[in-house]
Amino acid sequence: MERTETRGRVSRRTVVKGMAAGAIAMPVLLRGSGAWAQDVTGTVRLSGGTSSPDEEKLLREVLADFQQKFPKITVKYEPVPANYLIKIQTDIAAGNAADVFYVQSEYAQDFMSRGVLLDIDDYMSKDNVKASDYYPGLISAFVWQGKTYGIPKDWSPLGQTYDTTAFSDAGVKAPTTWDELRSVLTTLKQKSGKPALVLDAQFERFIMFLLQAGGNVTNKDASKLTLDQPEVLTALDYYYGLYKDKLSTTSADAGAGWPGDAFAKNLAEDVMEGNWMFPFLKTNAPDKKFACAELPAGPAGKGTPAFTVSYSIFKGSKVADAAWVLVRFLTGPEGMAKWTSLGLAMPSRPDLMDNWVKEYPIRKPFADSGSYATPAQFGPGGQKFISDADSILQSLFAGQVDTKEAQAQLVTVGNQDITLVPATAPTGGVPSGATPAATPGT
Amino acid sequence: MALAARTHRSRNPIAAEDRIAGWMFLLPALVIFAVFIIGPILYVFWLSFHQWSVITPEKPWVGLQNYRKLFSGNRDFEIALRNTVWFAIGVVPTQTILGLLLAVLANRKIKGKTFFRTAFYFPSISSSVVISIIFLWLYAQNGLLNAVLHRIGLPTPTPPWISNPRGVIEMALGSFGIHHISLWLAGPSVALLSIMMMNVWTTMGTMMVVFLAGLQDIPPDVYEAAALDGATRTRQFIDITVPLLRPVIFFVLTLGIIGTFQVFDQIFVMTSGGPAKTTTTLAYLVYQEGFGNFSMGYASAIAVVLFFMILIIFLIQRRIVANQEPM
């Protein structure tokens with residue numbers, strides 16, 4: 001029943017986009033595709049990082065469902081509890097990589113540009129899987145020079161999670177703009193005497209302010225570095241200003257491992273983290289009263305990074321057909337609905353978001369940010385850039401450099417680390433965040 | 001004479017058989033050594049002249065490009081070199097002196113000697129990951145160290161210990177109004193200093209055990225004779241213990257320097273090279289470049305440079321100690 005409903009919505013959207021022919025042909029194609037998949041045989045190895053035993057257990061359940069539907073394919077699941085990137089790199093180097101594995105948006109371009117992953121466009125059209133089935137800001141992270149190399153399995157934006165007791169005691173509401181954030185934090189601090197927001201010196205937190213200021217690391221097609229633009233300084237001034245004026249503090253200063261930990265220990269009243277916070281809170285602070293809100297909007301409006309991970313197929317896989325059948329199931333309506341039911345992350349398919357929000361109503365603001373989220377992806381070499389930028393922001397917070405100098409250093413490491421894509425190269429696909437995603441719900 | 005002995009031996013059939021047997025006994029260990037130690041080392045040398053992203057099979061020859069990148073004012077390399085040098089300067093003498101003092105104390109006929117020996121040696125045989133995690137708690141903002149400092153009214157660093165990128169010399173000079181000093185003169189950061197202190201604590205036990213063995217090799221009659229001549233305890237220590245321990249001291253210093261140049265696990269667990277790269281050591285940089293930045297060739301070049309640095313320091317040290325050897 002859920003499936004038919006889903007199909008209906010997908011075709012409605014495709015009709016809107018003026019692709020009526022495709023929409024009419026689709027049900028037929030879908031039936032056909034199911035047939036070919038049933039005949040595929042093989043043993044598929046699947047590898048991915050896991051953050052908790054619960055996560056691993058749930059994926060095993062999803063895989064059991066798959067096994068039941070496709071008995072001719074055997075799946076061997078190889079979870080990696082830590083240092084996943086290292087593990088997958090050495091596996092690839094040894095020619096022993098799993099057939100299907102996770103690829104995080106941050107280093108996806110390094111993998112795609114080096115030809116490690118299988119281009120799945122043919123499979124997608126064969127089974128009528130459309131890029132538009134997924135939030136454009138997510139699937140575009142796995143498109144390189146017009147070809148698709150992975151399908152986002154789930155995602156998370158950054159959003160505010162705040163202590164409802166502390167907020168109502170101080171008589172404040174969740175801030176919706178930069179100015180409001182400052183005034184809310186000031187009020188909260190007057191009440192408690194300590195900074196209410198815990199926010200670390202980390203590039204992948206700073207990026208939200210940069211997006212809200214209207215900037216980014218590169219332009220849309222990653223052909224030009226935009227770190228020298230004035231928006232970067234605006235964002236740095238605001239971000240560091242909160243810390244300098246003691247309206248925010250870092251986890252280390254607060255005495256916590258990370259902002260979510262600070263929130264659980266009542267050392268923070270407001271944090272800007274992702275979906276990974278909630279299972280942690282459930283275990284570590286089950287009685288905590290909290291609510292969520294979208295990130296405050298900056299001078300250029302709302303903005304949040306989208307952290308996403310794909311299921312990609314190893315180019316050297318000898319069972320590519322079976323691997324695709326698995327990927328399609330895991331990223332299809334049924335597999336993804338079950339996978340995201342744990343609440344670790346949100347579905348990357350807009351058509352599943354309604355049901356997900358029904359299950360996790362408190363996180364509706366997170367789901368709403370799907371319409372403007374920009375992938376956390378900064379060009380090939382982005383992984384190294386993030387670590388260099390972290391170190392610059394740490395110097396900034398330690399008072400060793402000012403915001404102007406920090407910007408200059410960001411430009412230097414940006415130039416050094418990021419391999420820009422020549423502007424003439426066909427980028428294809430949906431440019432990052434260019435088209436607003438289909439807003440979940442109606 | 002050596003040559004004569006060798007020819008003589010090779011003609012002796014029984015000795016030849018013994019030799020073959022000897023090699024056979026050694027073979028398993030040799031194979032393992034060749035495959036897992038010699039092989040990878042040679043491979044690193046080979047890789048350092050190539051470009052390799054790890055995830056692609058192609059490894060194009062790039063000649064000296066990786067080395068040129070290293071020595072053409074590469075900031076990351078310079079920072080890592082600085083951190084490693086400060087680490088060695090801070091840790092090696094401290095752990096050697098403390099190890100020697102502990103050994104001398106533990107060598108006395110005092111009550112509970114075995115207990116102290118065990119207690120001091122214990123950190124050395126514990127897992128460095130476990131120790132690192134315990135020290136993460138000790139060094140936290142609300143950790144034990146800060147609690148003790150608060151109690152006795154001493155200031156604590158902000159940001160807390162292992163999150164503080166400020167150089168200790170820089171901070172000291174800053175209180176005299178001197179700012180903006182060079183990368184090298186800023187000294188180890190508070191974060192690096194924290195790891196250095198932990199490292200001294202864990203390794204001084206090992207050094208103590210080595211010194212203890214050395215101390216027990218010194219014949220007691222030397223001390224007796226000195227005592228008869230009226231030498232004080234301190235005098236005995238300076239003029240008998242230290243000179244007779246010279247080979248052991250050399251061994252401990254060499255071990256210490258090699259150890260500090262290779263420090264990795266504590267960094268990996270505690271700081272990941274941060275804050276602001278002030279705990280990125282050369283060994284950690286090798287790892288970061290190789291696995292975090294898809295440049296295994298460049299990482300190998302750093303490893304080769306690190307190898308030669310350790311080799312040169314070792315040779316210099318050996319020369320110094322050999323020259324001072326008593327007749």
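By convention in this document, chain letters (A, B, ...) are assigned in the order of the sequence lines, proteins followed by strands, and residues within each chain are numbered from 1.
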Would [X] and [Y] count as a close aromatic pair, with their ring centres under 6.0 Å?
X: B:F45; Y: B:F307; value: yes
X: A:F111; Y: A:Y149; value: no
X: A:F203; Y: A:F378; value: yes

key: Toward chain B, the part of A:D390 with a non-hydrogen atom under 4.5 Å   = neither
In terms of heavy-atom proximity below 4.5 Å to chain A, should [X] be classed as side chain, backbone, both, or neither?
X: B:F268; result: side chain
X: B:E289; result: side chain
X: B:P160; result: both
X: B:N164; result: neither
X: B:W161; result: neither

ask   = Picking from A:A252, A:A256, A:A93, which has the most non-hydrogen pairs under 4.5 angstrom with chain B?
value =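 Of A:A252, A:A256, A:A93, A:A252 has the most heavy-atom pairs under 4.5 Å with chain B.
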ask   = Taking A:I88, A:L85, A:D388 one by one, which has the highest count of heavy-atom pairs under 4.5 Å against chain B?
value =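 Most heavy-atom pairs within the cutoff with chain B belong to A:D388.
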Closest-packed option against chain A by number of heavy-atom pairs under 4.5 Å, given B:I55, B:D76, B:V54, B:N142 = B:I55
note = Ranking B:S53, B:S163, B:G292 by heavy-atom pairs under 4.5 Å to chain A gives rank one to B:S53
ask   = Between A:K288 (side chain) and A:F263 (backbone), is there a donor-acceptor pair under 3.5 Å?
value =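 Judged by distance alone, yes, a pair lies under 3.5 Å.
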query = Closest approach of A:Y239 and A:L393, non-hydrogen atoms and distance?
reply =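 Minimum heavy-atom separation between A:Y239 and A:L393: CE2-CD2, 4.1 Å.
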inquiry  = I'd like to check A:L236 versus A:F206 (side-chain heavy atoms, cut-off strictly below 4.5 Å). Are they in contact?
reply    =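 Yes, close enough: below the 4.5 Å cut-off.
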task = Would you give the length of the straight line joining atom CG of A:D110 to atom OG1 of A:T419, rounded to the nearest 0.5 angstrom?
result = 7.5 Å
